[in-house]
Number of protein chains: 2
Amino acid sequence: MDRIDHQILSIIHENARITVSEMSRKIAMSQPAVTERLRRLEEQGVIAGYRAVLSPSKLGKHTTAFVLFKTNNCKEFEAFGEASPEIVDLYRTSGEYNYLLKVVTATGETLEAFLERCHAFGFSSTHVVLSTRFEDKSLVADGDGSN
Amino acid sequence: MDRIDHQILSIIHENARITVSEMSRKIAMSQPAVTERLRRLEEQGVIAGYRAVLSPSKLGKHTTAFVLFKTNNCKEFEAFGEASPEIVDLYRTSGEYNYLLKVVTATGETLEAFLERCHAFGFSSTHVVLSTRFEDKSLVADGDGSN
DNA sequence: TGTGAAACTGCATCGTC
DNA sequence: GACGATGCAGTTTCACA
């Protein structure tokens, strides 16, 4: 994990569909060398996958909320969570609440209906997202700013 | 936005580095046709980008937390947020808190140090992530399960 | 919009250092 | 670990439906 690996991670975090050739030009290294480094980063699990970022609003989902949840019935609640397409992220947390959910729904009404279904399992505290300042900031400091 | 577009979105959300040829085989359509649909989905903003998913723990970041934050000094707090590499996501929210942050740090100690810096701007309620059940569930119902 | 064919470009692989 | 060369695979483009 040297500076070049960090550059590769930074570039591919920005644009996962960049070609290896284009990367090899940016970092002034041969194409097979970059391919080999990429392969190793994937194998080590530093790169866990590649995802397209989809726009919720363009897909008719206009409401995003974070829901803190408290339940005594973890097993059933997690099964409910797996089966609920509204729940995009599901975390176990410390503190007075034991779960945190990121929920994406069409409207405020569909969020309300979802929360009512949740209340079979426990109680919640909901924080509706008004706007997103930024999301998914890179975990790696850029090798340098020139690329 | 027909069934085929949904299939494309579902596939590319799973693996953003899949080749167009491979996709065109999966959905039984010619490769130029898939290229054209992809181009349109990008242009319309349905696909907002492509990202590599990096493993925080493999990069030495072992602590993740969600922080609810209340400040009266929004402008300065947002500038602080932009400049803080610990803050991965930053949302404006409704309710008694006006921000929600996803924070990724090396250890509990570095999280603590970060929170102390935050307290120049207001007060917080912190929820430490113990484990992740799932993250980034697809926003599109699969066209069908056979792919 | 979708297709098939052809020219072009990028990638996997191998031998070399 | 990285490089250069090469054959194969994927992409772009275009005429046609």
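All of these numbers come straight from a predicted model, not from anything done at the bench. Proteins get letters first, then strands, A, B, ... in listed order; numbering begins at 1 in each.
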Point to revise | Flag, side chain of B:Thr107 to backbone of B:Thr110, donor-acceptor distance under 3.5 Å | key: yes
Check your understanding: Under 4.0 Å between a side-chain N or O of A:Ser21 and OP1 or OP2 of C:dT9?
Key -> no
Point to revise | Residues which pass side-chain contact (heavy atoms from CB on, under 4.5 Å) with A:Phe134, listed by chain and number, not counting sequence neighbours | key: A:Lys137, B:Glu82, B:Ile87, B:Leu90
Exercise for review: Assess the side chains of A:Glu14 and A:Ser10: does a donor N or O sit below 3.5 Å from an acceptor N or O?
Suggested key: no
Review point. How would you label the contact of B:Gln31 with the nucleic acid (heavy atoms, under 4.0 Å): base, sugar-phosphate, or nothing?
Key: base
Exercise for review: Just grab all the salt bridge (charged side-chain N to carboxylate O under 4.0 Å, His left out) pairs involving residues 103-118 of chain A, residues at least two apart or on different chains.
Suggested key: A:Glu86-A:Arg117
Exercise for review: Please find the earliest and latest nucleotides of DNA chain D, in the 5' to 3' direction, that have an atom within less than 4.0 Å of any heavy atom of chain B.
Suggested key: D:dG10 to D:dT13
Review point. A:Glu22: what forms a side-chain contact (heavy atoms from CB on, under 4.5 Å) with it, not counting sequence neighbours?
Key: A:Ile18, A:Thr19, A:Arg25
**Study point:** Between C:dT1 (C1') and B:Ile27 (CD1): distance, integer Å
**Key:** 13 Å
Review point. Between A:Pro32 and B:Arg40, who's closer to the 5' end of DNA chain C by nearest nucleotide?
Key: B:Arg40
Check your understanding: OP1 or OP2 of C:dG10 sitting under 4.0 Å from any side-chain N/O of A:Arg25?
Key -> yes
Exercise for review: Is it possible for you to say whether A:Tyr99 and B:Val128 belong to one hydrophobic cluster, with membership spreading through side-chain heavy-atom contacts below 4.5 Å?
Suggested key: no
Review point. Can you list, by residue number, the residues of residues 12-20 of chain A that have a non-hydrogen atom closer than 4.0 angstrom to DNA chain C?
Key: A:Thr19, A:Val20
Listing, residues 41-60 of chain A side-chain donor-acceptor contacts under 3.5 Å, not counting sequence neighbours, or none:
unit_1: A:Glu42; atom_1: OE2; unit_2: A:Tyr50; atom_2: OH; d: 2.5
unit_1: A:Glu43; atom_1: OE2; unit_2: A:Arg39; atom_2: NH1; d: 3.2
unit_1: A:Arg51; atom_1: NE; unit_2: B:Asp136; atom_2: OD2; d: 3.2
unit_1: A:Arg51; atom_1: NH1; unit_2: B:His13; atom_2: O; d: 2.8
unit_1: A:Arg51; atom_1: NH1; unit_2: B:His13; atom_2: ND1; d: 3.4
unit_1: A:Ser55; atom_1: OG; unit_2: A:Ser57; atom_2: OG; d: 3.4
unit_1: A:Ser55; atom_1: OG; unit_2: A:Lys58; atom_2: N; d: 3.2
unit_1: A:Lys58; atom_1: NZ; unit_2: B:Gln44; atom_2: O; d: 2.9

Practice item. Figure out the CG/C1' separation between B:Leu38 and C:dT1, and round it to whole Å. Key: 15 Å
Practice item. Could you pull out the closest heavy-atom pair between B:His119 and B:Phe69, with the gap in Å? Key: CD2-CE1, 4.3 Å
